[in-house]
Amino acid sequence: MTRDPDHLLPSATPVQLIDEHGQRCESGSAVGADLPSHEALLDAYAALVVGRRFNEQAYALVRQGRLAVYPSSHGQEACQVAAAQVLDETDWLFPTYRDAVAMVTRGVDPVATLTLFRGEWHTGYDAPALRVAPQTTPLATQLLHAVGVAHAARLRSEPTVVMALCGDGATSEGDFAEALNFAAVFRTPVVFLVQNNQYAISVPLSRQSAAPSLAHKGVGHGVPSERVDGNDVAALLAVLTDAVGRARNGEGPQLVEAHTYRVAAHTNADDPGRYRDSSEVDEWIARDPLTRVATYLRSAGALDDARQVEFDTAAERVATALRIDTAPQKDPGRLFAQVFASPTPQLQEQAALVRDEMSREVDV
């Protein structure tokens with residue numbers, strides 16, 4: 001063993017600073033810890049309000065046929081807001097397909113964030129300029145890319161930290177283990193944030209892992225790990241700020257498991273009623289991250305009706321921008337234009353099939 005295992009183990013219970021009733025509390029390793037400032041929590045709450053409205057509007061666009069698909073993060077927005085807000089401008093964010101709210105919080109234009117969900121072949125934004133990697137659909141593949149970027153930054157002596165997001169299902173993938181192992185051996189400045197929303201599509205956590213927690217998976221690789229209440233944005237800000245600081249200071253990779261819940265369906269093509277009971281959903285709705293921090297801020301006198309209207313108005317502006325977006329009609333032929341400099345016979349055959357299908361639709 002090259003590291004003291006006692007320094008790798010996560011808390012026995014997830015870190016929590018504000019409970020589901022909006023009351024100050026301390027659990028896990030948070031005993032004696034300070035809450036983020038009211039201003040920091042207001043910034044986080046403002047982003048949460050935007051994130052929730054973004055999720056609602058994007059889901060509506062799917063029902064209108066204006067998006068091909070949208071994996072909502074309703075209920076787990078606190079994880080994504082905190083992940084983006086603890087980063088510096090020089091840091092990188094590596095999102096998954098469900099992390100649109102993290103991207104918007106990081107500064108990606110909300111309309112551009114939905115580009116891939118319209119069926120485009122590109123992200124719609126300048127990834128290197130914003131330091132936000134393209135969203136990925138295959139589980140855990142982005143973690144290897146994130147570790148590579150972090151390793152390159154370390155070799156260049158750059159102060160960059162990479163925030164790599166994934167879900168509980170991704171921890172069952174080989175890429176997850178490989179990413180943690182490489183990061184630990186080469187002490188890359190990367191923070192792995194596992195959003196444990198209890199289900200990998202329809203597979204519950206109990207059928208995915210027998211580990212005491214997903215955070216414990218970091219221990220075997222020599223990665224210090226922590227658990228946090230994923231619906232408590234205050235605890236998330238505190239834990240992730242600490243993890244980013246450790247990574248930036250040369251202490252190597254960090255793993256954080258956020259306990260949260262996917263309130264909505266996996267995507268618009270999913271029927272969650274087939275594999276979970278509505279009473280379970282109701283239990284988690286009662287722990288809603290927006291209601292929790294809003295209750296705390298109101299009781300502290302930091303949030304009033306005027307400020308709430310301000311946040312709601314900003315969120316509605318984002319929703320309006322999504323609704324009035326007049327993206328041009330997509331040309332499916334563009335899907336084949338940027339694959340090879342000289343199209344292969346197989347690619348030409350596929351393009352011809354698509355053209356034939358499109359011509360049949362026009363004839364109808």
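What you see is a predicted model, and the numbers here were worked out from it, not measured in a lab.
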Open item on the list: Quick one, Val132 with Trp92, criterion side-chain contact (heavy atoms from CB on, under 4.5 Å). Give me CA distance, side-chain angles, the key distance, then yes/no.
Closed with: CA-CA 6 Å; Val132 177; Trp92 271 85; 5.8 Å; no
Task: Co-membership, hydrophobic cluster, residues Val263 and Val50, 4.5 Å side-chain - done: no
Task: Side chain Arg53, main chain Thr313, donor-acceptor under 3.5 Å - done: no
- [ ] Is it possible for you to say whether Phe94 and Leu144 belong to one hydrophobic cluster, with membership spreading through side-chain heavy-atom contacts below 4.5 Å?
- [x] no
Open item on the list: Just by distance, no angles: are the side chains of Asn55 and Glu77 close enough, under 3.5 Å, to form a donor-acceptor pair?
Closed with: yes
TODO: Rounded to the nearest 0.5 Å, what's the gap from NE2 on His216 to CG on Leu255? Could you check?
DONE: 11.5 Å
Task: Contact summary for Leu237 and Ala40, nearest pair of heavy atoms - done: CD1-O, 4.4 Å
Task: Student check: side-chain heavy atoms of Asp168 and Leu214 closer than 4.5 Å - done: yes
- [ ] Give, for atom CZ of Phe54 and atom CG of Leu322, the distance between the pair rounded to the nearest 0.5 Å.
- [x] 5.5 Å
- [ ] Please confirm whether the backbone N or O of Gly252 pairs with a side-chain atom of Arg246, one donor and one acceptor, at under 3.5 Å?
- [x] no
Task: Residues Arg248 and Asp91 bridged, charged N to O under 4.0 Å - done: yes
TODO: Test side-chain contact (heavy atoms from CB on, under 4.5 Å) on Trp121 and Gln338 and set out the steps.
DONE: CA-CA 9 Å; Trp121 58 270; Gln338 308 293 331; 3.9 Å; yes
- [ ] Treat each ILVMFWY residue as a node, draw an edge where side-chain heavy atoms are under 4.5 Å apart, and state whether Tyr97 and Tyr199 are in one component.
- [x] no
Open item on the list: Are the side chains of Ile324 and Thr320 in contact, using a 4.5 Å heavy-atom criterion?
Closed with: yes
Task: Side-chain donor or acceptor of Glu257 paired with backbone N/O of Ala215 under 3.5 Å - done: yes
- [ ] May I ask you to decide if Ile18's main-chain N or O and Arg292's side chain share a donor-acceptor pair within less than 3.5 Å?
- [x] yes
Task: Thr160 OG1 to Arg131 CZ distance, which is reported to the nearest 0.5 Å - done: 5.0 Å
Task: Pair Tyr59-Gln64, side chain to side chain donor-acceptor pair (under 3.5 Å): steps then yes or no - done: CA-CA 9 Å; Tyr59 223 62; Gln64 296 167 10; over 6 Å; no
- [ ] Give, for atom CD of Gln80 and atom CG of Leu193, the distance between the pair rounded to the nearest 0.5 Å.
- [x] 9.0 Å
- [ ] Measure the shortest side-chain to side-chain distance between Arg118 and Val111 over non-hydrogen atoms and say whether it is less than 4.5 angstrom.
- [x] yes
Task: Heavy-atom side-chain proximity of Thr105 to Val101 below 4.5 angstrom - done: yes
Open item on the list: Strictly distance-based, threshold 3.5 Å: is any side-chain N or O of Ser299 a donor or acceptor partner for the main-chain N or O of Tyr296?
Closed with: yes
Task: Side chain Lys217, main chain Ala211, donor-acceptor under 3.5 Å - done: no
- [ ] Indicate if Leu335 and Leu116 have the same hydrophobic cluster label, given that clusters are the connected sets of ILVMFWY residues with side-chain heavy-atom separations under 4.5 angstrom.
- [x] no
Open item on the list: Under a 3.5 Å cutoff, is there a donor and acceptor pairing between the side chains of Ser11 and Glu226?
Closed with: yes
Open item on the list: Between Asp305 and Arg298 (salt bridge meaning N to carboxylate O under 4.0 Å), is one present in this structure?
Closed with: yes
Task: Arg323/Glu316 ion pair, N-O < 4.0 Å - done: yes
TODO: Take Arg63 and Asn268 through the test side-chain contact (heavy atoms from CB on, under 4.5 Å) and record every step on the way to the result.
DONE: CA-CA 8 Å; Arg63 293 194 295 270; Asn268 50 290; over 6 Å; no
Task: Flag side-chain contact, heavy atom, 4.5 Å: Arg227 against His259 - done: yes
Task: Check ion pair Glu251-Arg187 (N to O, under 4.0 angstrom) - done: no
Task: Option from Asn197, Asn231, Asn196 for which side-chain hydrogen bond (donor to acceptor under 3.5 Å, both in side chains) with Gln76 holds - done: Asn197
TODO: Compare every heavy atom of Ala150 with every heavy atom of Val190, then report the nearest pair and how far apart it is.
DONE: CB-CB, 4.1 Å
Task: Polar side chain donor-acceptor pair, Gln57 to Tyr70, under 3.5 angstrom - done: no
Open item on the list: Check Arg360 with Asp356, please: is the shortest side-chain N to carboxylate O separation under 4.0 Å?
Closed with: yes
Open item on the list: Tell me whether Leu139 shares a hydrophobic cluster with Phe117, the cluster being built from Ile, Leu, Val, Met, Phe, Trp, Tyr side chains joined at under 4.5 Å.
Closed with: no
Task: Gap separating the OG1 atom of Thr291 from the CZ atom of Arg52, nearest 0.5 angstrom - done: 7.5 Å
Open item on the list: If I take atom SG from residue Cys166 and atom CZ from residue Phe176, how far apart are they, to the nearest 0.5 angstrom?
Closed with: 5.5 Å
- [ ] List the atom of Ala146, the atom of Val162, and the distance in Å for their closest heavy-atom pair.
- [x] CB-CG1, 3.6 Å
Open item on the list: Is it true that Asp88 and Thr90 share a donor-acceptor pair across their side chains at a distance under 3.5 Å?
Closed with: no
Task: Under 3.5 Å donor-acceptor, His221 side chain and Val223 backbone - done: no
Task: Considering all heavy atoms, the nearest Thr113-Ala100 contact - done: CG2-CB, 3.6 Å
Open item on the list: Donor-acceptor check, side chain of Gln208 to backbone of Val203, threshold 3.5 angstrom: yes or no?
Closed with: yes
Open item on the list: Donor-acceptor check, side chain of Asp232 to backbone of Leu17, threshold 3.5 angstrom: yes or no?
Closed with: yes
TODO: May I ask you to say whether Arg307 pairs ionically with Asp312, meaning some side-chain N is under 4.0 Å from a carboxylate O?
DONE: no
- [ ] Test side chain to side chain donor-acceptor pair (under 3.5 Å) on Tyr261 and Glu283 and set out the steps.
- [x] CA-CA 10 Å; Tyr261 194 79; Glu283 289 179 10; over 6 Å; no
Task: Worked check of side chain to side chain donor-acceptor pair (under 3.5 Å) between Ser73 and Asp99 - done: CA-CA 7 Å; Ser73 61; Asp99 297 322; over 6 Å; no
Task: Validation row, ring centre Phe182 to ring centre His151 under 6.0 Å - done: yes
TODO: Side-chain contact test, heavy atoms from C-beta onward, threshold under 4.5 Å: evaluate it for Arg262 versus Gln195 and give yes or no.
DONE: no
TODO: For the residue pair Asp304 and Gln308, establish whether any side-chain heavy-atom pair is separated by less than 4.5 Å.
DONE: no
Task: Contact check, side chains of Arg106 and Leu130, non-hydrogen atoms, under 4.5 Å - done: no
- [ ] I would like to know whether Thr96 and Gln135 meet side-chain contact (heavy atoms from CB on, under 4.5 Å); could you show each step before the answer?
- [x] CA-CA 5 Å; Thr96 73; Gln135 290 172 283; over 6 Å; no
